[in-house]
Amino acid sequence: MPELPEVETIVRDLRPDVVGSTLGRATVHRPNVLRNISKARLVRDLRGCRAVEFSRRAKNIVMRFASGDRLIIQLRMTGSLKVAHGRLNRDDRAYLVFQVQLGAGRTFLFKDVRRLGTVQLMDPESWQEFESRIGPEPLAAEFNSVVFAKRFESTRMAIKKALMDQSKLAGVGNIYANEALFLAGIDPARPANSLSRTEYQALCRTTRKVLRDGISSRGTTLKDYRTGKGTKGSFQTRLKVYGRGGEPCTKCGATLVTTHEIDSRATTACWRCQT
DNA sequence: CATGACACCTGCTCGC
DNA sequence: TGCGAGCAGGTGTCAT
């Protein structure tokens with residue numbers, strides 16, 4: 001799915017249209033996206049809700065209402081959001097899984113080709129429970145390498161898999177994990193508890209850097225991802241390893257290698273620079 | 001508790 | 001040209 005930078009970009013793009021609006025009619029085109037609620041109940045409960053905040057937590061999109069309840073959207077692999085002004089066109093309706101009126105002729109759209117994405121409505125208590133299971137936000141002001149290292153030091157899990165574990169750290173997915181490990185010069189297969197303090201400092205720094213740079217580039221568009229404005233991101237032009245298996249390492253010239261040995265996900269690394 | 005298999009889905013690319 | 005296999009940015013559950 002969109003990872004932290006992509007979700008952050010979408011949320012920033014759509015926030016002005018969402019915050020302050022009162023929800024009207026909702027339509028669930030693909031009931032499979034719903035998790036903890038029936039279609040009828042969601043449609044009934046959303047009507048009249050006033051959105052007071054539109055934000056991101058890990059890769060979750062959070063629309064908070066004046067009531068304290070929250071609509072939580074996960075885009076997973078191919079989900080995308082848009083606010084349409086006026087009538088929906090053919091493209092708006094393609095792969096549409098959920099929509100809700102925002103008022104003033106605007107419609108909030110959730111499209112998803114693979115339909116792996118999810119929609120949930122949470123009361124404050126369920127949100128608290130859900131949110132508490134997510135690791136810290138790597139771009140938060142109070143985040144640092146000590147907090148970072150503490151999340152991983154007790155597991156022998158491969159550092160790359162640990163980095164993508166949302167209960168340990170929020171928002172990092174496959175692309176940015178590959179990039180951060182390359183920049184830090186760390187072998188993705190190393191057990192997390194084998195990294196030194198210095199290596200954790202480096203990895204903390206590079207993880208934050210790739211995420212910030214990803215946001216600056218408005219995300220990575222390999223195929224499906226679009227910003228909240230429907231445009232493509234540009235971080236794909238700055239990727240050092242992800243998707244570049246067989247090409248030369250930008251640091252040393254050695255051939256980058258792609259494997260699927262860690263958690264069956266594509267891992268690309270320079271086995272000379274990353275030790 | 002860690003790990004791996006699998007499920008959820010469609011679409012695209014590649015090899016034959 | 002057609003067809004099956006394999007792969008894709010993610011996450012939740014279940015068996016081991």
Side-chain angles (χ1 to χ4, degrees), chain A residues 1-10 29-36 56-61 72-81 93-98 110-120 122 126 129-131 133-135 151-181 188-194 207 210-211 213-215 217-227 232-246 258-268:
Chain A
M1 121 178 174
E3 305 181 29
L4 186 154
E6 290 74 32
V7 177
E8 182 65 28
T9 301
I10 291 169
H29 302 279
R30 297 288 184 173
N32 281 357
V33 303
L34 302 182
R35 280 302 175 272
N36 60 350
R56 175 193 64 73
R57 176 73 172 99
K59 305 171 193 172
N60 303 284
I61 290 154
I72 310 299
I73 295 176
Q74 289 190 342
L75 301 176
R76 302 279 175 103
M77 301 286 262
T78 53
S80 66
L81 298 183
R93 281 191 291 266
Y95 305 109
L96 194 55
V97 296
F98 170 81
F110 177 15
K111 293 155 66 79
D112 189 359
V113 173
R114 284 175 69 180
R115 308 207 308 262
L116 296 172
T118 63
V119 172
Q120 289 173 269
M122 296 189 192
S126 1
E129 214 254 313
F130 176 78
E131 200 272 344
R133 283 183 268 117
I134 304 174
R151 310 292 299 183
F152 301 106
E153 61 193 12
S154 61
T155 181
R156 284 163 302 183
M157 189 185 291
I159 182 60
K160 185 194 166 216
K161 182 167 158 56
L163 210 48
M164 292 191 290
D165 183 337
Q166 302 302 298
S167 70
K168 293 185 164 51
L169 185 69
V172 178
N174 203 26
I175 295 178
Y176 295 94
N178 275 289
E179 296 300 305
L181 285 159
R190 291 261 303 278
N193 66 356
S194 75
T207 298
V210 294
L211 294 174
D213 289 351
I215 292 172
S217 300
R218 295 177 54 72
T220 303
T221 297
L222 297 176
K223 186 174 175 302
D224 300 287
Y225 165 69
R226 294 294 182 277
T227 69
K232 295 181 181 182
S234 66
F235 197 67
Q236 63 279 8
T237 65
R238 301 172 63 184
L239 296 174
K240 300 278 196 275
V241 286
Y242 185 86
R244 310 196 94 86
T258 299
T259 71
H260 287 82
E261 280 158 27
I262 302 167
D263 202 29
S264 305
R265 310 287 304 277
T267 297
T268 305

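Side-chain N/O atoms of A:K59 include one lying less than 4.0 angstrom from OP1 or OP2 on C:dG10. Side-chain N/O atoms of A:H260 include one lying less than 4.0 angstrom from OP1 or OP2 on C:dA8. The phosphate of C:dG9 (OP1 or OP2) has no side-chain N or O of A:Q236 nearer than 4.0 angstrom.
For the pair A:L222 CG and B:dT10 P, the computed distance is 22 Å after rounding to whole Å. Atoms OH (A:Y176) and P (C:dG10) sit 11 Å apart, rounded to a whole Å. Remark: P of C:dT13 and CG of A:D165 are 14 Å apart, rounded to the nearest angstrom. Residue A:D263 contributes atom CG, which lies 11 Å from atom P of C:dT11 at whole-angstrom precision. The distance from atom OH of A:Y95 to atom P of B:dC8 is 20 Å, rounded to the nearest whole Å. One interatomic measurement links the two molecules: CZ of A:R56 to C1' of C:dG10, which rounds to 16 Å at whole-angstrom precision. A straight line from CD of A:E3 to C1' of C:dA8 spans 12 Å, rounded to a whole angstrom. At whole-Å resolution of the value, NZ in A:K160 and C1' in B:dT3 are 16 Å apart.
Residue order along DNA chain B, read from the 5' end via each residue's closest nucleotide, puts A:M157 first among A:M157 and A:N32. With the nearest nucleotide of DNA chain C identified for both A:R226 and A:F130, A:R226 has the one nearer the 5' end.
A distance of about 14 Å separates the P atoms of C:dG6 and B:dC6, rounded to the whole Å. With both ends at atom P, the span from C:dT13 to B:dC9 equals 15 Å, rounded to whole Å.
In this structure, the side chain of A:Q166 engages the main chain of A:M164 through a donor-acceptor pair within 3.5 Å. The backbone N or O of A:K59 lies less than 3.5 Å from no partner atom in the side chain of A:R57, so there is not a single donor-acceptor pair. Judged purely by atom type and a 3.5 angstrom limit, A:D112 uses its side chain to pair as donor or acceptor with the backbone of A:G117. Formation of a donor-acceptor pair under 3.5 Å by the A:E3 side chain with backbone atoms of A:I175 is found in this model. Formation of a donor-acceptor pair under 3.5 Å by the A:R244 side chain with backbone atoms of A:T258 is not found in this model. Counting only distance, with no hydrogens or angles, the side chain of A:E261 and the backbone of A:A266 share no donor-acceptor pair below 3.5 Å.
A:I175 comes within contact range of the sugar-phosphate backbone alone, with a heavy-atom separation under 4.0 Å but no base atom that close. Heavy atoms of A:T220 sit under 4.0 angstrom from at least one base atom. Residue contacts for A:K223: at a heavy-atom cut-off of 4.0 Å it reaches a base atom on one of the strands shown. Within the 4.0 angstrom heavy-atom criterion, no nucleotide atom of any strand lies near A:M164.
In this structure, of C:dG10, B:dT10, C:dG9, it is C:dG10 that holds the atom nearest to the side chain of A:L116. When each of C:dG10, B:dT10, C:dG9 is scored by its nearest atom to the side-chain atoms of A:D224, the top-ranked nucleotide is C:dG9. The listed nucleotides are B:dT10, C:dA8, C:dG10; the one nearest the side chain of A:Y242 is C:dA8.
Residue-to-nucleotide contacts include no donor-acceptor pair under 3.5 Å from the side chain of A:R115 to the base of B:dC9. Checked by distance alone, A:R114 brings a side-chain donor or acceptor within 3.5 Å of a matching partner on the base of C:dA8.
With a cut-off of 3.5 Å on both Watson-Crick or G-U wobble distances, the partner of B:dC6 is given as C:dG12.
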